[in-house]
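Starting from 1, each residue takes its place in the sequence as its number. Both counts, for ligands and for their atoms, begin at 1 and track the order of listing.
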Amino acid sequence: MSKVTTLHEFIMNRQAEFPFATGELSRLLNDISTASKIVSRDVRRAGLFEDIIGAEGGVNVQGEEQQKLDVIADELFIKMFQYGGEVCGIGSEENDDYLPFDNEQSKKGKYVVLFDPLDGSSNIDVNVSIGTIFSIFRRKSDAGSTATMEDMLQKGSEQVAAGYVLYGSSTMLVYTTGHGVNGFTLDPSIGEFCLSHPDMKMPEKSRLYSMNEGNIDVCHPGIQNYVKYCQETDPSTGRPYSGRYIGSLVADFHRSLIKGGIYIYPGTEQNPNGKLRLMYECNPLAFIAEQSGGIATNGKERIMDISPSSLHQRVPYIVGSKEQVEQLMNCIQEADAQHVG
Ligand code: AHM
Ligand code: MG
């Protein structure tokens, strides 16, 4: 057996590679890892305790029913950020407004975090994988002052780090600071995330596609054409592509990262901006996709180039293997050209 590298050790080693690093981002990443271990523990025993499983009774700003675990995870991460001292404010899927921290230590914090504490939480009751997604920016306002909306609403290209935790058949933490992507598996026997997937690269193509096909008749004709192409029998294999849709973005994305694939959540006639939120779902996964060789777009524009206008802004989302996303983009352009012509 080769030497085990824990996440903590890995973060510290990376920090040493940057001569002017102060350790604040490292401490923040360690806080995220600690919070996610606690959430992982709660997710793993949710079925046993009524105070963990089931609906909370409230509805979040998106109009979605909150699960008890959504609220538990949200409060836990917020506490971790608030008392960690590196973060001056947060934005979360479960809170209508952004939350500036008013304790003196936090006001000095350099970073803001945008996060989805428990993505795919409608899957909790049926024991299907769920995840946490996070995006970290350096604040724009002066250290020592109260965090502002401007700190929150930065383009994805300004992220300093992003990642996700997948509570799947094992718990994994995958993150990037813009120098490649690394994945860590939680070893429950020692309570540590251990490096299991160094320098992850998303395959350039695959024969997998992932979409809620209930939306197929109400989405862009270019997407319809691409999905039709996927469903045609390929003479070289005698088979069409395989459709894979878990309905948990983190899990669907993770599969694409490992096996290749394309994930599509389109704008529809009723919801032209789709469902997924730019700041804490699309941007962080876009950063990981690009760092591993993939692409993330809304069909017209690179996700990380979009100037955000609000905390809970939604965008159509296409993310995955380079060749597959490029082919879908061509289908969109061809359909648009036919429409104009
Ligand atoms: P959530 O943040 O409220 O859990 O919603 C986001 C989830 C994603 O994880 C998933 O990809 C998508 O919603 C599924 O939506 P749909 O049921 O419309 O296919
Ligand atoms: Mg979500």
Problem set entry | E24/K110 salt bridge by N-O under 4.0 Å criterion | yes
Exercise. Atom 17 (O) of ligand 1: which protein heavy atom is closest, and how many Å away?
Worked result: K275 NZ, 4.0 Å
Problem set entry | Contact (N/O only, under 3.5 Å) between V250 and ligand 1 | no
Exercise. Is the closest side-chain heavy-atom distance between E93 and E281 below 4.5 Å?
Worked result: yes
For this session: Go through ligand 1 atom by atom and flag the ones less than 4.0 Å from a non-hydrogen atom of S121.
Result: 4 (O)
Exercise. Does ligand 1 have an atom under 4.0 Å from some heavy atom of S122?
Worked result: no
Exercise. Can the ring centroids of F115 and F81 be said to lie less than 6.0 angstrom from one another?
Worked result: yes
Exercise. Which ligand 1 atoms, with their elements, are less than 4.0 angstrom from a heavy-atom of D116?
Worked result: 2 (O)
Exercise. Starting from atom 11 (O) of ligand 1, which protein heavy atom do you reach first, and at what distance in Å?
Worked result: Y263 OH, 2.7 Å
Exercise. Would you say Y245 has any N or O atom under 3.5 Å from an N or O of ligand 1, going by distance alone?
Worked result: yes
Exercise. Heavy atoms, side chains only, cut-off 4.5 Å: are M200 and L257 in contact?
Worked result: yes
Exercise. If you measure from each non-hydrogen atom of N212 to ligand 1, which part falls under 4.0 Å: side chain, backbone, both or neither?
Worked result: side chain
Problem set entry | Atoms of ligand 1, numbered as shown, that sit under 4.0 Å from any heavy atom of E281 | 2 (O), 6 (C)
Exercise. Looking only at side chains, do S157 and R302 share a donor and an acceptor under 3.5 Å apart?
Worked result: no
Exercise. Which ligand 1 atoms does L249 reach within 4.0 Å, using its non-hydrogen atoms?
Worked result: 8 (C), 9 (O), 10 (C), 11 (O)
Exercise. Parallel, tilted or perpendicular: which describes the rings of Y175 and F10, with under 30° parallel and over 60° perpendicular?
Worked result: perpendicular
Problem set entry | Sub-4.0 Å atoms of ligand 1 with respect to non-hydrogen atoms of E93 | 1 (P), 2 (O), 3 (O)
Problem set entry | Protein heavy atom at shortest distance from atom 18 (O) of ligand 1 | Y265 OH, 2.5 Å
For this session: Evaluate side-chain hydrogen bond (donor to acceptor under 3.5 Å, both in side chains) for R139 paired with S141, printing each intermediate quantity in order.
Result: CA-CA 6 Å; R139 71 187 298 174; S141 56; 3.1 Å; yes
Seminar exercise, completed: Closest to atom 3 (O) of ligand 1 among protein heavy atoms sits E64 OE1, 3.0 Å
Problem set entry | Co-membership, hydrophobic cluster, residues M279 and M304, 4.5 Å side-chain | no
Exercise. Is the closest side-chain heavy-atom distance between T148 and K140 below 4.5 Å?
Worked result: no
Problem set entry | Heavy-atom side-chain contact between V165 and S40 under 4.5 Å | no
Seminar exercise, completed: Rounded to the nearest 0.5 Å, the SG atom of C230 sits from the NZ atom of K228 at a distance of 12.0 Å
Exercise. Do the rings of H312 and Y280 sit parallel, tilted or perpendicular, given the 30° and 60° boundaries?
Worked result: perpendicular
For this session: Using a 4.5 Å cut-off on heavy atoms from C-beta on, say whether the side chain of D42 contacts that of L76.
Result: no
Problem set entry | N or O pair under 3.5 Å between L276 and ligand 1 | no
Exercise. By number and element, which atoms of ligand 1 are closer than 4.0 Å to a non-hydrogen atom of G120?
Worked result: 1 (P), 4 (O), 9 (O)
For this session: Name the closest protein heavy atom to atom 5 (O) of ligand 1, giving the residue it belongs to and the distance to 0.1 Å.
Result: R277 NH2, 3.5 Å
Problem set entry | Per-atom contacts of ligand 1 with S248, taking only distances under 4.0 Å to non-hydrogen atoms | 9 (O)
Exercise. Which protein N, O or S atoms lie under 2.8 Å from the Mg ion (ligand 2)?
Worked result: E93 OE1, D116 OD2, D119 OD1, E281 OE2
For this session: List the closest protein heavy-atom neighbour of atom 6 (C) of ligand 1: residue, atom name, distance to the nearest 0.1 Å.
Result: D119 OD1, 3.4 Å
Exercise. S33 and F184: side chain to side chain contact (heavy atoms under 4.5 Å, CB included), yes or no, with the steps?
Worked result: CA-CA 10 Å; S33 115; F184 301 80; over 6 Å; no
Exercise. At their closest point, which heavy atom of M12 faces which heavy atom of S26, and how far apart are they?
Worked result: CE-CB, 4.2 Å
Exercise. Starting from atom 10 (C) of ligand 1, which protein heavy atom do you reach first, and at what distance in Å?
Worked result: G247 O, 3.4 Å
